[in-house]
Novice: 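One structure, as structure tokens, below. Some questions next.
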There are 2 protein chains.
Amino acid sequence: MTKQHSNSVVKIKSMNESDALLRQFVGYRMKRIYMLIQEDMTRVLEPFGLRIGTFSALAVLMDSPGISQTQLSRILNIKRSGVVVVVDELENVGALERRPVANDRRVYALHVTSAGITLWERAERAVQGHETAMFSELDTDDIEQLQMLLGRAIKSVSGRGESDKK
Amino acid sequence: MTKQHSNSVVKIKSMNESDALLRQFVGYRMKRIYMLIQEDMTRVLEPFGLRIGTFSALAVLMDSPGISQTQLSRILNIKRSGVVVVVDELENVGALERRPVANDRRVYALHVTSAGITLWERAERAVQGHETAMFSELDTDDIEQLQMLLGRAIKSVSGRGESDKK
DNA sequence: TATTGTTATACTCTATAACTATA
DNA sequence: TATAGTTATAGAGTATAACAATA
């Protein structure tokens with residue numbers, strides 16, 4: 001690709017091995033992979049009018065319908081102010097609604113609409129298929145292994161002070 | 001913590017399980033973990049006057065001294081304009097220098113100074129120790145497994161069009 | 001007083017595009 | 001013409017802080 005420019009500057013091994021030292025860090029590997037996933041995920045979700053943030057919110061709300069924005073913010077580990085934007089966006093496309101709560105007029109109960117459910121199901125299938133394709137060099141056992149290790153890693157990593165960091 | 005606010009709004013299982021549906025996606029798990037790592041990494045690197053970006057650049061340059069900024073940008077998967085900032089920052093603290101190249105006066109050969117090497121060695125130890133602590137619930141075999149799977153995943157994921165996307 | 005949702009603002013990281021000096 | 005490095009600008013994602021309504 002392009003010219004190698006190999007006379008004056010040190011020749012590097014290969015585009016994919018020259019960060020060998022960096023790759024010994026789990027965190028860096030994670031970052032690198034996540035960046036790629038994020039990029040593709042954004043493209044996969046675009047036709048559905050979703051972003052990673054709105055897709056994630058939808059997933060949580062499919063799981064736990066009726067929760068408040070504050071609860072959603074805690075689950076997604078983002079601030080309440082960030083949730084407003086996400087919920088606005090989903091409400092604007094008719095995927096969810098803010099329902100008033102009788103006992104407490106400060107909060108909204110978030111509910112995915114039937115249109116939202118359909119949207120979620122289609123998007124979810126697309127994302128699943130996409131992940132499968134992405135990790136195509138890993139077989140089923142590998143993925144399972146990876147999921148298990150990531151699951152334990154996330155527990156281990158977030159074990160110290162999940163909720164209200166400072 | 002704080003009050004559970006459990007009367008009017010649906011009670012959710014637990015702060016750590018309420019994103020169960022989301023966690024089935026490898027990408028989401030990766031994001032969640034990377035966010036936590038990033039946060040802690042930033043804190044670990046701060047006393048050394050480094051950020052994740054400058055730490056990464058240093059790692060690459062320890063591995064491949066003498067490369068150009070353009071080469072560095074390709075390895076780190078960021079744009080050349082981004083590299084300028086990183087290199088400026090490292091040069092300002094005396095960790096590396098831009099050496100003119102005889103045959104081509106457009107490029108600089110990047111070299112870590114001896115002070116930079118010392119800095120790197122100290123920071124690297126701190127980060128290593130930190131990663132070990134972070135993944136404390138995973139034993140040595142687990143980490144090795146994880147590294148192997150991530151290594152294969154990153155290959156699989158980036159297999160299509162590494163260098164000049166589009 | 002404390003909390004929910006909201007708004008405005010700022011910060012970080014990265015990308016895009018235009019420029020310069022060399023090739 | 002093309003490339004290396006640079007600069008200015010903008011966008012995405014998220015955090016901080018202040019505010020009104022409600023508890």
Side-chain angles (χ1 to χ4, degrees), chain A residues 1-9 31-32 34-36 38-39 41-43 45-46 50-57 67-74 76-89 91 98-110 163-166, chain B residues 1-9 31-32 34-36 38-39 41-43 45-46 50-57 66-74 76-89 91 97-110 163-166:
Chain A
M1 44 223 52
T2 69
K3 208 176 47 184
Q4 240 320 51
H5 187 58
S6 50
N7 56 340
S8 51
V9 175
K31 170 174 185 172
R32 200 63 178 262
Y34 177 66
M35 289 307 182
L36 291 162
Q38 186 178 42
E39 197 176 287
M41 196 76 100
T42 301
R43 195 167 39 243
L45 290 173
E46 197 177 34
L50 294 171
R51 297 175 300 108
I52 291 174
T54 49
F55 177 80
S56 304
I67 62 173
S68 69
Q69 294 187 189
T70 295
Q71 286 175 318
L72 182 56
S73 82
R74 292 209 190 97
L76 291 177
N77 260 269
I78 60 176
K79 297 296 165 195
R80 279 173 303 151
S81 52
V83 170
V84 175
V85 184
V86 169
V87 171
D88 278 352
E89 203 171 316
E91 202 176 38
R98 291 170 160 105
R99 291 196 199 149
V101 170
N103 345 18
D104 191 338
R105 277 153 55 205
R106 293 173 304 180
V107 316
Y108 295 116
L110 303 174
S163 48
D164 282 325
K165 53 194 64 165
K166 161 167 280 130
Chain B
M1 31 235 67
T2 70
K3 210 176 47 183
Q4 240 318 53
H5 186 60
S6 49
N7 57 339
S8 51
V9 175
K31 170 173 186 171
R32 200 64 178 261
Y34 176 65
M35 289 308 184
L36 291 162
Q38 186 177 42
E39 198 177 287
M41 195 76 100
T42 301
R43 194 165 40 241
L45 290 173
E46 198 177 34
L50 293 172
R51 297 176 299 108
I52 292 176
T54 49
F55 176 80
S56 303
I67 62 173
S68 69
Q69 295 187 189
T70 296
Q71 286 175 318
L72 182 57
S73 81
R74 292 208 191 98
L76 291 176
N77 260 270
I78 59 177
K79 296 297 165 193
R80 281 173 302 149
S81 52
V83 170
V84 176
V85 184
V86 169
V87 171
D88 279 351
E89 202 171 317
E91 202 176 37
E97 51 186 27
R98 291 170 160 104
R99 293 198 197 145
V101 169
N103 345 18
D104 190 337
R105 278 153 55 205
R106 291 173 306 179
V107 316
Y108 295 116
L110 303 174
S163 48
D164 283 325
K165 54 194 61 164
K166 163 171 280 131

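Lettering of chains follows the sequences in order, A, B, ..., and the numbering in each one begins at 1.
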Novice: Shortest non-hydrogen contact from B:Tyr108 to B:Val101?
Specialist: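 Of all heavy-atom pairs spanning B:Tyr108 and B:Val101, the closest is C-CG2, 4.2 Å.
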Novice: Rounded to the nearest 0.5 Å, what separates atom CD in A:Gln69 from atom CZ in A:Arg106?
Specialist: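 That separation rounds to 13.0 Å.
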Novice: Could you encode protein contacts along nucleotides 18-23 of chain D as a string, one character per nucleotide from 5' to 3', using B for base contact, S for sugar-phosphate-only contact and - for no contact, with a heavy-atom cut-off of under 4.0 Å?
Specialist: ---BBS
Novice: Who are the salt bridge (Lys or Arg N to Asp or Glu O under 4.0 Å) partners of B:Arg98, not counting sequence neighbours?
Specialist: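 Result, salt bridge (Lys or Arg N to Asp or Glu O under 4.0 Å) vs B:Arg98: B:Asp88, B:Glu91.
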Novice: State, yes or no, whether a side-chain contact exists between B:Arg51 and B:Val86 at a heavy-atom distance under 4.5 Å.
Specialist: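 Heavy-atom side-chain distance check passes, below 4.5 Å.
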Novice: Quick one: B:Phe55 CZ to C:dC13 P, roughly how many Å, whole number?
Specialist: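 Nearest whole value for this atom pair: 15 Å.
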Novice: Which one, C:dA15, D:dG5, D:dA15, comes nearest to the side chain of B:Thr70?
Specialist: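 So the nucleotide nearest the side chain must be D:dG5.
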Novice: Quick one: which of D:dG5, C:dT6, C:dT4 gets closest to the side chain of A:Val107?
Specialist: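 The answer is C:dT4, which lies nearest to the side chain.
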Novice: Can you give me the closest heavy-atom contact between A:Ala57 and A:Leu72, atom names plus distance?
Specialist: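 Scanning both residues, the minimum pair turns out to be CB-CD2, 4.3 Å.
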Novice: Which residues satisfy the ring pair (Phe, Tyr, Trp, His ring centres under 6.0 Å) test with A:Tyr34, sequence neighbours excluded?
Specialist: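 Expected list: none.
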Novice: Can you tell me the distance, in whole Å, between the CG atom of B:Leu36 and the C1' atom of D:dT14?
Specialist: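 To the nearest whole Å, that distance equals 15 Å.
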Novice: Between the protein and nucleotides 9-13 of chain D, list the N/O to N/O atom pairs that are separated by less than 3.5 angstrom.
Specialist:
from	atom 1	to	atom 2	distance (Å)
D:dG13	OP2	A:Arg51	NH1	3.1

Novice: Would you indicate, yes or no, if C:dA17 has its OP1 or OP2 atom less than 4.0 angstrom from a side-chain nitrogen or oxygen of B:Ser81?
Specialist: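 No, B:Ser81 has no side-chain N/O under 4.0 Å of OP1/OP2 on C:dA17.
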Novice: Indicate whether OP1 or OP2 belonging to C:dT4 is found under 4.0 Å from a side-chain N or O atom of A:Arg98.
Specialist: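 Answer no for this pair, as no side-chain N or O of A:Arg98 is under 4.0 Å from OP1 or OP2.
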Novice: Side chain of A:Val84, heavy atoms from C-beta onward: which of D:dA15, D:dG5, C:dT7 has the nearest atom to it?
Specialist: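 Ranking D:dA15, D:dG5, C:dT7 by closest atom to the A:Val84 side chain puts C:dT7 first.
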Novice: For the helix from C:dT1-D:dA23 to C:dA23-D:dT1, what angle separates the axis at the start from the axis at the finish, each from five pairs, in steps of 10°?
Specialist: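 Inter-axis angle at the ends, rounded: 10°.
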Novice: Using atom NZ of A:Lys79 as one end and atom P of C:dT3 as the other, report the distance to the nearest whole Å.
Specialist: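 So the two atoms are 14 Å apart, to the nearest Å.
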Novice: A:Asp88 has an atom CG; how far is it from atom P of C:dT6, in whole Å?
Specialist: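 It works out to 6 Å between those atoms.
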Novice: As a test of reading the structure: which of C:dT4, C:dA15, D:dA15 is closest to the side chain of B:Ile78, going by heavy atoms?
Specialist: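 Looking only at heavy atoms from C-beta outward on B:Ile78, the closest nucleotide is C:dA15.
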Novice: Excluding sequence neighbours, so at least two apart, what forms side chain to side chain donor-acceptor pair (under 3.5 Å) with B:Arg105?
Specialist: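 For B:Arg105 there are no side chain to side chain donor-acceptor pair (under 3.5 Å) partners, ignoring immediate neighbours.
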Novice: List in chain and number order the residues that pass side chain to side chain contact (heavy atoms under 4.5 Å, CB included) with A:Val85, two or more places apart in sequence or in another chain; answer none if no residue qualifies.
Specialist: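 Residues passing side chain to side chain contact (heavy atoms under 4.5 Å, CB included) with A:Val85: none at all.
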Novice: To the closest 0.5 Å, what do you measure between CE (B:Met41) and OG (B:Ser56)?
Specialist: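 With rounding to 0.5 Å, CE (B:Met41) is 7.5 Å from OG (B:Ser56).
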Novice: Taking only residues two or more places apart in sequence, or in another chain, which ones meet B:Ile78 in a side chain to side chain contact (heavy atoms under 4.5 Å, CB included)?
Specialist: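 B:Leu76, B:Val83.
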Novice: Just the rounded figure in Å: distance from C1' of D:dT6 to CG of B:Leu72.
Specialist: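 So the two atoms are 15 Å apart, to the nearest Å.
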Novice: When rounded to the nearest 0.5 angstrom, what distance separates CZ in B:Arg74 from CD in B:Gln71?
Specialist: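 Taking CZ in B:Arg74 and CD in B:Gln71, the distance rounds to 7.0 Å.
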Novice: In whole angstrom, what separates A:Tyr34's OH from C:dT14's P?
Specialist: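 Rounded to the whole Å, the gap is 13 Å.
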Novice: Looking at C:dT6, I'd like to know if its phosphate oxygens (OP1 or OP2) sit under 4.0 Å from a side-chain N or O belonging to A:Gln69.
Specialist: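 It does, given that an N or O in the side chain of A:Gln69 lies less than 4.0 Å from OP1 or OP2 of C:dT6.
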Novice: Report the distance from atom CZ of B:Arg99 to atom P of D:dG5, rounded to the nearest whole Å.
Specialist: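 Taking CZ of B:Arg99 and P of D:dG5, I get 15 Å after rounding.
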Novice: Considering only heavy atoms from C-beta outward, does the side chain of A:Asn77 approach that of B:Met35 to under 4.5 Å?
Specialist: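 No, their side chains stay 4.5 Å or more apart.
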